[in-house]
Amino acid sequence: MNNWRNAVSERRVEGQRERGIQMLSVQPDTKPKGCAGCNRKIKDRYLLKALDKYWHEDCLKCACCDCRLGEVGSTLYTKANLILCRRDYLRLFGVTGNCAACSKLIPAFEMVMRAKENVYHLDCFACQLCNQRFCVGDKFFLKNNMILCQTDYEEGLMKEGYAPQVR
């Protein structure tokens, strides 16, 4: 027996290069720092520190979607000399796989359900006999690599001659 809540996860990326972003308050008595993005002095009230460099808030952006990385979280990703947000990093360099239920490709950035070594689209994670979708907290069973709801699992046990223990 498994609990749906424990099955949710995101695709993991091998060799990911996650880096932190710090927002710092500029002290009025310090010499202005140069921005790694535009090479101008940072005279704003706040600056970002990432990759051991200083940035204007507007200059630290994802190379793909142009989102301001200081606004979307406290991490950025680097690979192939690109600075990327999490979504674009996973889209470009993430490990994809196939859904165990429908066999279709699962993009690396998409949320998935895992049950042991199997990975599923969220929409495909349902009882494979009655198609009942699971809600957070619902019990599911994995029998012979099939996801089953509690009712179908218990009916299968009765057909096999084993009555489940009720506690």
Between Leu76 and the options Leu69, Leu48, Leu84, the side chain to side chain contact (heavy atoms under 4.5 Å, CB included) test singles out Leu69
Do Ile106 and His121 have side chains that get closer than 4.5 Å, going by heavy atoms?
-> yes
From Cys99 SG over to Met113 CE, what is the distance, rounded to the nearest 0.5 angstrom?
-> 11.5 Å
Verify the ring-centre separation between Phe140 and Phe125: is it less than 6.0 angstrom?
-> yes
Please tabulate, for side-chain N and O atoms in residues 53-63, each donor-acceptor pair with protein atoms closer than 3.5 Å (sequence neighbours left out).
from: Trp55; atom 1: NE1; to: Ala50; atom 2: O; distance (Å): 3.0
from: His56; atom 1: NE2; to: Lys41; atom 2: O; distance (Å): 3.4
from: Asp58; atom 1: OD1; to: Arg68; atom 2: NE; distance (Å): 3.4
from: Asp58; atom 1: OD1; to: Arg68; atom 2: NH1; distance (Å): 2.7

Reported OH-to-CG distance for the pair Tyr153 and Leu142, which is rounded to 0.5 angstrom | 10.0 Å
Could you grab the distance from atom SG of Cys149 to atom CZ of Phe141, nearest 0.5 Å is fine?
-> 9.0 Å
Separation between CG (Asp88) and CG (Leu82), nearest 0.5 Å, reads 10.0 Å
Same cluster (ILVMFWY, side-chain, under 4.5 Å), Met23 and Leu51 | yes
Rounding to 0.5 Å, atoms CG (Leu129) and NZ (Lys143) come to a distance of 11.5 Å
Who pairs with Gln22 by side chain to side chain contact (heavy atoms under 4.5 Å, CB included), at least two apart in sequence or on another chain?
-> Leu24, Lys49
Closest non-hydrogen atom pair between Cys127 and Leu148, with its separation | SG-CA, 3.9 Å
Quick one: list whatever passes side chain to side chain donor-acceptor pair (under 3.5 Å) with Asp123, sequence neighbours left out.
-> none
Donor-acceptor contact present, side-chain Asp138 to main-chain Cys135, <3.5 Å = yes
Trace of the side chain to side chain contact (heavy atoms under 4.5 Å, CB included) decision for Tyr77 with Leu90 | CA-CA 9 Å; Tyr77 297 79; Leu90 291 172; over 6 Å; no
Rounded to the nearest 0.5 Å, what's the gap from CD on Glu110 to CZ on Arg87? Could you check?
-> 9.0 Å
Could you pull out the closest heavy-atom pair between Tyr89 and Thr78, with the gap in Å?
-> CE1-O, 4.1 Å
Can you name the closest pair of heavy atoms from Gln128 and Met146 and give their distance?
-> OE1-CA, 2.9 Å
Linking I/L/V/M/F/W/Y whenever their side-chain heavy atoms sit closer than 4.5 Å, directly or via other members, would Ile21 and Tyr46 fall into one cluster?
-> yes
